[in-house]
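Take a look at the structure below.
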Amino acid sequence: MAQGSTFVDESLLEKVPRWRNYLAAKLGFRNHWYPVKASSDVIEGRVVQATVLGEEILLKRINGEVKAIRDRCLHRGVKFSEKVECYTEDTITCWYHGFTYKWDGGRLCDILASPDSKAIGRRAVRTYPVQEAKGLVFVFVGDDDYKAPPLAEDVPPTFLDEDLVMHCAIYEVDSNWRVACENGFDGLHVYIHRSSELVPDTMRSLPIGHLAKSGEVEVHEAFGAPKGVYDAFANHTSIWEGKVDGQVVVTGTKRVSDKPTRTTAASLWMPCGLRVDDFPDQDITQFEFYVPVTEEKHLYVMLVGKRVDSEQDKEHFNHEFWNRWKPIGFENFNAQDIEARLALQKFYRRDTAWLDEMLIEGDSPLIKWRELCHRHTRGIQKPEHL
Amino acid sequence: MAQGSTFVDESLLEKVPRWRNYLAAKLGFRNHWYPVKASSDVIEGRVVQATVLGEEILLKRINGEVKAIRDRCLHRGVKFSEKVECYTEDTITCWYHGFTYKWDGGRLCDILASPDSKAIGRRAVRTYPVQEAKGLVFVFVGDDDYKAPPLAEDVPPTFLDEDLVMHCAIYEVDSNWRVACENGFDGLHVYIHRSSELVPDTMRSLPIGHLAKSGEVEVHEAFGAPKGVYDAFANHTSIWEGKVDGQVVVTGTKRVSDKPTRTTAASLWMPCGLRVDDFPDQDITQFEFYVPVTEEKHLYVMLVGKRVDSEQDKEHFNHEFWNRWKPIGFENFNAQDIEARLALQKFYRRDTAWLDEMLIEGDSPLIKWRELCHRHTRGIQKPEHL
Amino acid sequence: MAQGSTFVDESLLEKVPRWRNYLAAKLGFRNHWYPVKASSDVIEGRVVQATVLGEEILLKRINGEVKAIRDRCLHRGVKFSEKVECYTEDTITCWYHGFTYKWDGGRLCDILASPDSKAIGRRAVRTYPVQEAKGLVFVFVGDDDYKAPPLAEDVPPTFLDEDLVMHCAIYEVDSNWRVACENGFDGLHVYIHRSSELVPDTMRSLPIGHLAKSGEVEVHEAFGAPKGVYDAFANHTSIWEGKVDGQVVVTGTKRVSDKPTRTTAASLWMPCGLRVDDFPDQDITQFEFYVPVTEEKHLYVMLVGKRVDSEQDKEHFNHEFWNRWKPIGFENFNAQDIEARLALQKFYRRDTAWLDEMLIEGDSPLIKWRELCHRHTRGIQKPEHL
C-alpha cells in the first residue's frame, strides 16, 4: 500500500469532491476524542482491551486515573495482552523479552532480558490522552504533533452539562461507523420504528416519516465549538399515513394530548455523536456514539440523560433506566436500528455503493453532515497508522 | 476497480486471443436467458430469492405470471428480502423507508415515509424479463437497451418441443459455471462413470473414453438459432479397455444386444446448456444447465425429457423419473460429475490455471466451445453490474 | 500477478537492500532440501500427502525407496489425492481421465481414456528428489535445471553424523517459517522459558537473557558447506535478574554445580535448520527445522540427538526420549515457543511489519542470519511456481 493512501480507492474519492474526506474516512477521523469503555468497566489495576479506529489499545486505571497505551511492543510487534505482565503499578512488561514501558507516556524504561540496551529511555510506545466524562472513558486518537482539543468540542452540545445524569450501555455492531451515523440521524427511518414497544409504553406520537426542509437544517461550524448538523422537528413535515396506490396501508401513531408527546430534534456531531432531544420521552435526551472499531464494526455507545435537581429525582431516573429505557429503548427501539445498519452494511461494504445510492429530498441533512465532515476533518485514519 | 474491467486480469486475457471472452466471463455472459427456479417452487403470491450472474433477484408469481426484480432498494441499497413488505398484490415496499415499486416494470410508485418526493414515478428498480418453459422459470439478465431474443435461441435445440415431457431437479454446486460446462461435455470424462449404478440398471454399454474426431465436431452458429457445439458419438473412437504398461487394468461395459444401448451425442449450447441424446436410456434426452451464481458457484439444473403421445406414456415416464432417473441418474451418475467439478474448481479458481492446463486431442470439442463463446458473446458480466 | 513477481510487494523489498531476498522469501527458498515427513509415516505402498513451499506433493515408498511427485494432473489440474488410483506399483493414475504417470521421473506413460494420445511419453509431472536421513524424508524443491547438492549442505553440521541417534516429532504451526527461525535462534527469548518444567527436571541453569556480542557471532559461508550463523554462548553476557525501576522482579535459574549445566551454542542454517548444543541437557543436541508450508504455516520438525556407542546407550536414550524429552522438552518447553510464534505471526503477517519492528543489540545474530540468506539464496519461491 503506497504511503499516504487511504482505505478507499482514489478513483472513487474523486467523484465526490464535496464530501471526499468523509468517503475516505472508512476507519474514522483522526485527532478526535472517542468513548471506548464505560468507566465502570475499567476498574483499578485491571488491564482492559479496546480497539478504536483499528488501533488496538490497552487501558489501566492507576490511582483512579485511566491510562491508555497501544497494545503492541515496539520490538517485535507482539501484543502485551497475549499475556499481561505488570510488575509495578505504573509499568507494563512485554511477556516476550521483558520490554517494559511506563503507562504514563509510554517510555521504554527497562528491558529485562537486555538491561543495558541503548534503546532504554529513548523510545516510547504510543500512548493516548484519556478523559472521563458522564460514565465513559474517552481516548484521543491523534497524531504525535496534534494537541488534543477540549473534550467539549468532540461531543454533542449539552453532553457535559453538570446537572445531566446519564446512564449508558455499549454494544458492538457489525457495520461501518458512517452507516450507523446516517441511520441514526435519518429523519425518514422512523418508518421502521412504527411497531416499537416504546410508542405504547410512553404514550407518545410517532409519525412514519419526518421530512426536513433542507433550508432549515442548521449547520454548526463555529471555531472552537462542536461541529454538527441540527435538525429541529418543528420545521418538519410529519407523515402519518403511508399510502400505496392511494390506499392507506401503514399508519403512524398520533395522540391527542395536553402535554407534548413529540421528539423535538435530532443532531449529529463530529466525530460520531448523535443527540436526540425529548427522546425516549419528554425531558430526556438520548445520546449515541458510533465509534469506528474496524472497517466493518463500530462500538454503539448509547446514553440517556436527564436533568435532575435532587437525589430523589436521580434515584427515580436510575430506576426508570433499568426498567424502561434500557429494555424498551435500548433493547427494543434501538435494536431495530441495529438491524437496519446490518442490512445497510451489506450494500455499503463495497466502497462503490456510496456512488450507487439514490438519496431523496428528506436525506438532505445527511448530505449536510457529509459535507460538514469533509470541511472540518482533522485527519483521516489510513493504513499507515495501523 | 476500473470501469469496464472484468473479473479476470487483462494480462491473462491477452494470452488467449481466440477465447478471450470466455476466460473473461467468469461470472457468465449477459443478455441471455437463464433458468433460476423450478416453476413449482414459485407459487402464487410468495416471494422467492434467487441469484444469477451474481445479481440477487426476487421472484413473485402474480395471477399466474412470474415477475422478477432486483433485490435491492434504489435508495440505500438494502435488500427487500431482509423483511418482505407487500401491501398490494402488484407492489413491493422496502421495509426501511417505504420505497414502493411495481413488480411489473419496477417503477417507484410510492414512498410511504415521503409521499411527495419527486423521485416517485421517475425511477425504477431493475426488472428482468421472465419466461416459463418445461417446468423452469427463465429470467433474462440483460442490458437496458438489449432486446431479449426468443428463449429458443438460448436453450439446446428440441428443448422446447411440445411433445417432450420433462422432469427436473436443481442443486447448487460450488464450482464456476465454465468448469461445469466443460466437465459435462467432455468426451473423456466417461472414465469416472464406469462404476455408476446406471450401467447395470439400464443394461447399457459404456466405454471408458470417447474420442471425438476434431474435424467431425459440428459447430452451430447460424443467425437467430442456438449457438452450440455438437459431438455425435458415431464419429467417436470408443475406448473399452484401459491399459497401463500394456496390461488391461480398467474396462468399460460393452453389451451385445439387438437394440441400441449407446448414448448417441452430446452438445453444448450458449449460454450454458448441455444436451445428451439417448441418455440415461434410449429415447430419453438429458438436458443440463450450469447457471452462474457467483464466481465459485453454479446452479446445476438437470432435466430428463421423453417424447410421449399418450397420458399413459406420460404417467409411466413420471413414475420412472422418481424411481430410476432421479435416484440412479441425477443422484448417482451425476453426483460423480459434481465431485469432478469440485475437484476442478480447486485448480481453476486461480485464473492462471486456464493457461496452465494441458489439453489433449480428445479435448478439441472444448476448445471449439470456448471459441464459439468468444465469437458470439452478447456481453460479459462485470463488476460494474453488481 | 506479473511474471517473476514475489509474494511480497517490490516497494517493500527495496527498503531492505541487505536482506531483500529474505523478505521476499515469504514462502521459502527454492533449490534446497526440506524434511517433510518422518520416515516411519511413509510406509511401503501407501500414498501420503505433504505440502512444502506451497507445493502439494505425494510420497510413496516403493521397494523401500521413497518417491515424490506433484499432486496435480497435467491435464486439468485436479489432485491425484482426491481418489488415489495406483494400478501398478510404479505408476499413479488420475481418477478423472486415466492419465498415468511413473512415480520415478513422472513421465506420462499412459492415458486410459485416450491410449493413442501424442502426449503419452512426451510429458512428465514434476517429481522431487528424495533422500532419507535420521528418520526423516527430505525432498528437494528445485528448478528443473538445478542440480541438487548433497543433503549435507542443507542441514546443520553434525546432523548426519553416524553415531548420532535421533528421535523426532513433527507439528504444524500457524506461523510463517521466518518467524519460527527467528524465534528459535533469538538469544533474548529465553525470557519466556524461565517457568518451563525443563529447568527443575534437568537441574540446569537458565538465565533470562543471552546477549550475543555482535563481533563474536560466527558466519559460516564456505563454498560447498552449510551456510549458517553460529552463536556460542560462552561469548554471551547472561542476564540472571530482570529489573524494573531498579527492583528485581524476575529471576533466572543459576545453579552451582560441579558439572556443566548450560546450553553452549545456538546456530541457524540455511534453508531453515536450527541446532542447539547441549540442550535439552548436556551431551544432547536439539535440531529443529521450520519448513515453509504456506505463507502462514510451517512444519515444525524437532529432533534430539545423542552420540551413543552401545545398544544399551541407544536403548536408554530411546526410553529417555519418550519419558523426558518429548513431554518436557517438545511438549512443554517448545510449546512456549509455538505460542510466541503465533503471537509474532499476528504482527508479521503484514509484510510491512518487517519494516516496523525495532530490533536491539541482542538481535544482531538475527540480522546476520537475514543477510546470510540474502547473499546465498539459490532461488525464491514465487507465485509462478504454484
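Fair warning: this is a prediction, and the values are worked out from it, not measured in the lab. In the text below, chain A, chain B and the rest are named by the order of the sequence lines, each starting its count at 1.
Both the backbone and the side chain of C:Ala343 come within contact range of chain A, each with at least one heavy atom under 4.5 Å from a heavy atom of that chain. For C:Lys346, the part sitting under 4.5 Å from any heavy atom of chain A is the side chain, from C-beta outward, and nothing else. Looking at C:Glu241, only its backbone comes within 4.5 Å of chain A, counting heavy atoms on both sides. Both the backbone and the side chain of A:Ser117 have a heavy atom closer than 4.5 Å to some heavy atom of chain C. Interface residue A:Leu386: backbone and side-chain heavy atoms are both found under 4.5 Å from chain C. Proximity to chain C is limited to the side chain of A:Thr100, based on heavy atoms less than 4.5 angstrom apart. For chain A, the nearby part of C:Leu366 is the side chain; its heavy atoms alone come within less than 4.5 Å. Looking at C:Asp186, the atoms closer than 4.5 Å to chain A (heavy atoms on both sides) all sit in the side chain, from C-beta outward. The contact between C:Asp245 and chain A is made by backbone and side chain atoms together, counting heavy-atom distances below 4.5 Å. With a 4.5 angstrom heavy-atom cutoff, C:Leu211 touches chain A only via side-chain atoms. Of the two parts of C:Arg194, only the side chain, counted from C-beta on, holds a non-hydrogen atom closer than 4.5 Å to a non-hydrogen atom of chain A.
Heavy-atom minimum distance, C:Ile192 versus A:Trp95: CG2-O, 3.2 Å. Closest approach of C:Leu188 and A:Ser114 over heavy atoms only: CD2-CB, 4.1 Å. In plain terms, the two heavy atoms of A:Tyr96 and C:Ala340 that are nearest each other are CE1-CB, 3.7 Å.
Between A:Lys83 and C:Glu339 there is no salt bridge, since no side-chain N of the basic residue sits under 4.0 Å from a carboxylate O of the acidic one.
Ranked by heavy-atom pairs under 4.5 Å with chain A, the first of C:Trp354, C:Trp240, C:Tyr191 is C:Tyr191. The candidate with the highest count of non-hydrogen atom pairs below 4.5 Å against chain A, out of C:Asp351, C:Leu342, C:Asp363, is C:Asp363. Considering only heavy-atom pairs separated by less than 4.5 Å from chain A, the leading option among C:Leu344, C:Ile208, C:Val190 is C:Leu344. Comparing C:Arg350, C:Gln345, C:Gln336 by heavy-atom pairs within less than 4.5 Å of chain A, the highest count is held by C:Arg350. Of the listed residues C:Asp356, C:Thr237, C:Asn183, the one with more heavy-atom pairs under 4.5 angstrom with chain A than any other is C:Asn183.
At most 12 heavy atoms of other shown residues, nucleotides or ligands fall within 6.0 angstrom of atom CD in C:Gln247. No more than 12 heavy atoms of other residues, nucleotides or ligands shown are found within 6.0 angstrom of CD on A:Glu65. At most 12 non-hydrogen atoms from other residues, nucleotides or ligands lie less than 6.0 angstrom from CZ of C:Arg18. In this structure, A:Asp174 places its CG atom where more than 12 heavy-atom neighbours from other residues, nucleotides or ligands lie under 6.0 Å away.
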Set out, in order, the CA-CA distance, both residues' side-chain angles and the distance that settles side-chain contact (heavy atoms from CB on, under 4.5 Å) for C:Phe347 and A:Arg72, then state yes or no. CA-CA 9 Å; C:Phe347 182 64; A:Arg72 181 191 291 174; 3.7 Å; yes

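Considering only heavy atoms from C-beta on, A:Leu108 comes within 4.5 Å of C:Met358 through its side chain. Considering only heavy atoms from C-beta on, C:Leu359 comes within 4.5 Å of A:Arg76 through its side chain. Two residues are said to be in side-chain contact when any heavy atoms from C-beta on lie closer than 4.5 Å; C:Glu357 and A:His75 fail this criterion.
We find the CD1-CD1 distance between A:Ile111 and C:Ile239 to be 10.5 Å, quoted to the nearest 0.5 Å.
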